Amino acid sequence: NFRKRTQKERENIYGDAVSDTLAGLLPILDNLQYASKYSSGDSEKFIEGVNLILGKLPETLEKLEVKAFGEAGEKFDPAIHNAVLHVEDDTLDEGVITDVLQCGYMYREKVLRYAMVKVAN
């Protein structure tokens with residue numbers, strides 16, 4: 001029993017350390033996405049570099065079992081989404097995500113960051 005419990009504790013410590021580290025990288029990804037989206041186009045090489053990073057970083061996160069979630073049209077799930085805005089729209093069903101303000105990320109089955117979304121009705 002002691003060996004099994006010790007092994008499980010070791011696995012949990014590692015998982016928590018990895019998820020905390022990855023959560024620290026997410027703001028960097030956000031800033032790069034912001035720079036790419038709203039850049040004035042003054043420096044094409046800078047924008048190209050940012051786009052290369054944006055292409056590679058999500059791929060790297062996926063290899064580390066980090067998955068992005070939260071898309072417009074999905075059903076709102078309070079376990080993984082954080083509704084920060086609400087809109088009345090008769091053309092949409094209740095609890096449908098209309099806009100994603102910030103993607104959510106999950107490491108294996110653990111939520112690193114909840115998706116910030118706008119929800120209808």
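If you're wondering where the values come from, they're calculated on a predicted model, not measured in any experiment. Values below: every heavy atom of this structure, side chains too, minus hydrogens, waters and symmetry copies.
Once rounded to the nearest 0.5 Å, the distance linking CG of L112 with CG of D20 reads 8.5 Å. Going from atom CG of D77 over to atom NZ of K75 covers 10.0 Å, rounded to the nearest 0.5 Å. Atom CG in L26 sits 8.5 Å away from atom CG in L57 (nearest 0.5 Å).
The salt bridge (charged side-chain N to carboxylate O under 4.0 Å, His left out) pairs that include a residue from residues 96-108 are E65-R108, where partners are two or more places apart or lie in different chains. Within the structure, salt bridge (charged side-chain N to carboxylate O under 4.0 Å, His left out) pairs that include any residue of residues 3-17 comprise D16-K110 (at least two apart or interchain).
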Please tabulate, for side-chain N and O atoms in residues 91-98, each donor-acceptor pair with protein atoms closer than 3.5 Å (sequence neighbours left out).
{"residue": "T91", "atom": "OG1", "partner": "D89", "partner atom": "OD1", "Å": "2.5"}
{"residue": "T91", "atom": "OG1", "partner": "D89", "partner atom": "OD2", "Å": "3.4"}
{"residue": "T98", "atom": "OG1", "partner": "K118", "partner atom": "O", "Å": "3.2"}

**Item:** From CA spacing to verdict: side chain to side chain contact (heavy atoms under 4.5 Å, CB included), N82, V117
**Value:** CA-CA 6 Å; N82 182 14; V117 296; over 6 Å; no

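M106 belongs to a hydrophobic cluster whose other members, connected by ILVMFWY side-chain contacts under 4.5 Å either directly or through intermediates, are F69, I80, V111, Y114. The other residues sharing a hydrophobic cluster with M116 are V84, L85, L101, where clustering joins ILVMFWY side chains under 4.5 Å apart.
Proximity of L54 to L29: side-chain heavy atoms (C-beta onward) are separated by under 4.5 Å at one or more points. Put simply, the side chain of R113 reaches to within 4.5 Å of the side chain of D30, judged on heavy atoms.
Residues passing the ring-ring contact (aromatic ring centres under 6.0 Å, His included) test with Y107, sequence neighbours excluded: none.
Heavy-atom neighbours of E59 CD from other residues, nucleotides or ligands within 6.0 Å: above the threshold of 12.
In the hydrophobic clustering of ILVMFWY residues, with side-chain heavy atoms under 4.5 Å counting as a link, L25 and Y14 come out together. In the hydrophobic clustering of ILVMFWY residues, with side-chain heavy atoms under 4.5 Å counting as a link, Y105 and I28 come out together.
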